[in-house]
Visitor: 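The structure is given below, and queries will be raised subsequently.
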Amino acid sequence: NAYFAPADDLTGEPRTLGFGQGTSVDFAYDGDVVHHEVAHAMQAEVAQIGAYYLPDAYGLRGDQGALSEGNADFWSSVVMGDPEVGEYAGAGVGSTLPSGALRSLENDVVCPRDFVGEGHEDGRVWGGVLWDIREGATQDERLEVEQGLFAAMATTTEASTMRSIAETIEDELAFRLGEATRARVHALFEARGIGSPACD
């Protein structure tokens, strides 16, 4: 596997990016995986994502994990220029996707139907809708969209939910690109179930 670990003041351990050599592939050879872990490091600098699970009236919800992993997949895909995450690593671990990737942001997963309580899997909803937002923008709008998504991500706290960050994204992109963009983005969040009573 691969991982990002923040600095640990208690033990003195520095920030770490780790890439396992696995039983069949070296994860350091997969640019998507490298950029995914670098994106986690970036998030650790600008956002305050906490434990992957938040308590609510029904138990625990996985918004923080979905936000963290979905953001990391999204920014990796932006850098690499395609929605497939980890084709090299995925082929080595027996991916079932047509591309051989670990995950794809071109998907039809929605909340709550496809939530399973694991950050990478649940992050497909969040990363997928971010990719939808970016892909729906014109080429001239794309940089503003990416900057707006980054600005919204930077507001994440340990209490943030997908819905609260979705609202921030809508406000940020409406400020940058107008109310028509807000309406388009809101419809994409609704289509993914973000903000529905079950994923409130």
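Heavy-atom basis, side chains included; hydrogens, waters and symmetry copies ignored. Worth saying up front: this structure is predicted, and the values here are computed from it rather than measured.
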Visitor: Which atom names give the shortest non-hydrogen contact between Asp122 and Asp114, and what distance separates them?
Guide: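 In terms of heavy atoms, the two residues are closest at OD1-O, 4.1 Å.
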
Visitor: Can you see which heavy atom on Gly148 is nearest to which on Arg176, and at what distance?
Guide: CA-NE, 3.4 Å

Visitor: Under the 3.5 angstrom rule, does the side chain of Ser95 hit a backbone N or O of Ala91 as a donor-acceptor pair?
Guide: no

Visitor: For residues Ile133 and Leu173, determine if any side-chain heavy atom of one lies less than 4.5 Å from a side-chain heavy atom of the other.
Guide: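 Yes, side chains in contact.
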
Visitor: Report whether Leu60 and Leu67 are members of the same hydrophobic cluster (ILVMFWY, side-chain heavy atoms less than 4.5 Å apart, transitive linking).
Guide: no

Visitor: Measuring only between side-chain heavy atoms, which start at C-beta, is Arg182 closer than 4.5 Å to Asp171?
Guide: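 Of all side-chain heavy-atom pairs linking Asp171 with Arg182, at least one is under 4.5 Å.
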
Visitor: Decide side-chain contact (heavy atoms from CB on, under 4.5 Å) for Glu45 and Met42; before the verdict, give the C-alpha distance in whole Å, the side-chain angles of both, and the deciding distance to 0.1 Å.
Guide: CA-CA 5 Å; Glu45 289 297 311; Met42 174 188 70; 5.9 Å; no

Visitor: How many angstroms lie between CG in Leu149 and OG1 in Thr168, if you round to the nearest 0.5 Å?
Guide: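 Reported to 0.5 Å precision, the distance equals 11.5 Å.
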
Visitor: Are the side chains of Gln48 and Thr156 in touch, meaning some heavy atoms are under 4.5 Å apart?
Guide: no

Visitor: If you take all heavy atoms of His36 and Ser76, which pair is closest and at what distance?
Guide: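 Scanning both residues completely, I find the closest heavy atoms to be N-CB, 3.7 Å.
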
Visitor: I'd like to check Ser77 versus Asp82 (side-chain heavy atoms, cut-off strictly below 4.5 Å). Are they in contact?
Guide: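 Side chain of Ser77 against side chain of Asp82, heavy atoms only: no contact under 4.5 Å found.
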
Visitor: Out of curiosity, does Val93 fall in the hydrophobic cluster containing Leu97 (side-chain heavy atoms, cut-off under 4.5 Å, transitive links)?
Guide: no

Visitor: Per the side-chain contact (heavy atoms from CB on, under 4.5 Å) rule, which among Val110, Asp63, Val125 passes with Ile194?
Guide: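 Per the side-chain contact (heavy atoms from CB on, under 4.5 Å) rule, the option paired with Ile194 is Val125, out of Val110, Asp63, Val125.
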
Visitor: Quick one: CD1 on Ile49 to OG on Ser160, what's the gap to the nearest 0.5 Å?
Guide: 8.0 Å

Visitor: CE of Met162 to CD of Glu167: how many Å apart, nearest 0.5 Å?
Guide: 12.5 Å

Visitor: Are Val85 and Met80 grouped together when hydrophobic residues (ILVMFWY) are joined by side-chain heavy atoms under 4.5 angstrom apart?
Guide: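 Per the 4.5 Å side-chain linkage, Val85 and Met80 are not co-clustered.
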
Visitor: State, to 0.1 Å, how close Ala152 and Ile165 come at their nearest heavy-atom pair, and which atoms those are.
Guide: O-CD1, 4.2 Å

Visitor: For Glu69 and Tyr52, does a side-chain donor sit closer than 3.5 Å to a side-chain acceptor?
Guide: yes

Visitor: Distance-only, no hydrogens or angles: does the Tyr53 side chain make a donor-acceptor pair with backbone N or O of Gly117 under 3.5 Å?
Guide: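 Yes, Tyr53 side chain to Gly117 backbone: donor-acceptor pair under 3.5 Å.
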
Visitor: Identify the two heavy atoms, one from Leu102 and one from Ala89, that lie closest to each other, and give their separation to 0.1 Å.
Guide: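 Scanning both residues, the minimum pair turns out to be CD1-CB, 4.1 Å.
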
Visitor: Please round to the nearest 0.5 Å and tell me the distance separating atom CG of Leu177 and atom CD of Glu141.
Guide: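 Rounded to the nearest 0.5 Å, the CG-CD separation comes to 5.0 Å.
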
Visitor: So, does Ser24 use its side chain to make a donor-acceptor pair with the main chain of Gly92 at under 3.5 Å?
Guide: yes

Visitor: Taking Glu37 for its side chain and Phe4 for its backbone only, find out whether a donor-acceptor pair lies under 3.5 Å.
Guide: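 Here the side-chain-to-backbone pair exists.
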
Visitor: Can a donor-acceptor pair be found, under 3.5 Å and without considering hydrogens, that links the side chain of Thr155 to the backbone of Ala151?
Guide: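 Looks like no, no N/O pair under 3.5 Å.
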
Visitor: Report the C-alpha separation of Phe19 and Asp30 in whole Å, then their side-chain angles, then the decisive distance to 0.1 Å, and conclude whether the side-chain contact (heavy atoms from CB on, under 4.5 Å) test is met.
Guide: CA-CA 10 Å; Phe19 300 95; Asp30 192 316; over 6 Å; no

Visitor: Assess the side chains of Glu87 and Ser99: does a donor N or O sit below 3.5 Å from an acceptor N or O?
Guide: no

Visitor: Would Val145 and Leu105 show up in the same hydrophobic cluster when neighbours are defined by side-chain heavy atoms closer than 4.5 Å?
Guide: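 Yes, it is one cluster - the side chains of Val145 and Leu105 are joined through contacts under 4.5 Å.
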
Visitor: Return yes if some donor-acceptor pair links the side-chain N/O of Arg124 with the main-chain N/O of Arg103 below 3.5 Å, else return no.
Guide: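 Checking the backbone N and O of Arg103 against the side chain of Arg124, no donor-acceptor pair under 3.5 Å is found.
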
Visitor: Should we count CZ of Arg15 as having more than 12 external heavy atoms under 6.0 Å?
Guide: no

Visitor: When you measure from the side chain of Gln43 to the backbone of Ser68, do you find a donor-acceptor pair of N or O atoms at a distance under 3.5 Å?
Guide: yes

Visitor: Hydrophobic clusters here meaning ILVMFWY residues chained together by side-chain heavy-atom distances under 4.5 Å, can you tell me if Tyr88 and Leu17 are in one?
Guide: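 Yes; tracing contacts between hydrophobic side chains, which count when under 4.5 Å, links both residues.
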
Visitor: Between Gln64 (side chain only) and Thr157 (backbone N and O only), is there a donor and an acceptor less than 3.5 Å apart?
Guide: yes

Visitor: Are Arg142 and Glu146 close enough for a salt bridge, meaning some N to O gap below 4.0 Å?
Guide: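 Here Arg142 does not pair with Glu146 in a salt bridge, since their nearest N and O are not under 4.0 Å apart.
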
Visitor: Using atom types as modelled and distance alone, determine if a side-chain donor or acceptor of Asp132 lies under 3.5 Å from a backbone N or O of Leu188.
Guide: no

Visitor: Can you tell me how the ring of Phe150 sits relative to the ring of Trp75, calling it parallel under 30°, perpendicular over 60° and tilted otherwise?
Guide: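 The arrangement is perpendicular - the two ring planes meet at more than 60°.
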
Visitor: Is there a side-chain contact between Phe189 and Ile169, using heavy atoms and a 4.5 Å cut-off?
Guide: yes

Visitor: Would you name the heavy atoms of Glu121 and Glu118 that are closest together and state the gap between them?
Guide: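 Distance-wise, the nearest heavy atoms are N-OE1, 2.9 Å.
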
Visitor: Quick one: does Val109's side chain get under 4.5 Å of Arg192's, heavy atoms only?
Guide: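 A side-chain contact under 4.5 Å exists here.
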
Visitor: I'd like to know if the side chain of Arg134 and the backbone of Trp131 have a donor-acceptor N/O pair within less than 3.5 Å.
Guide: no

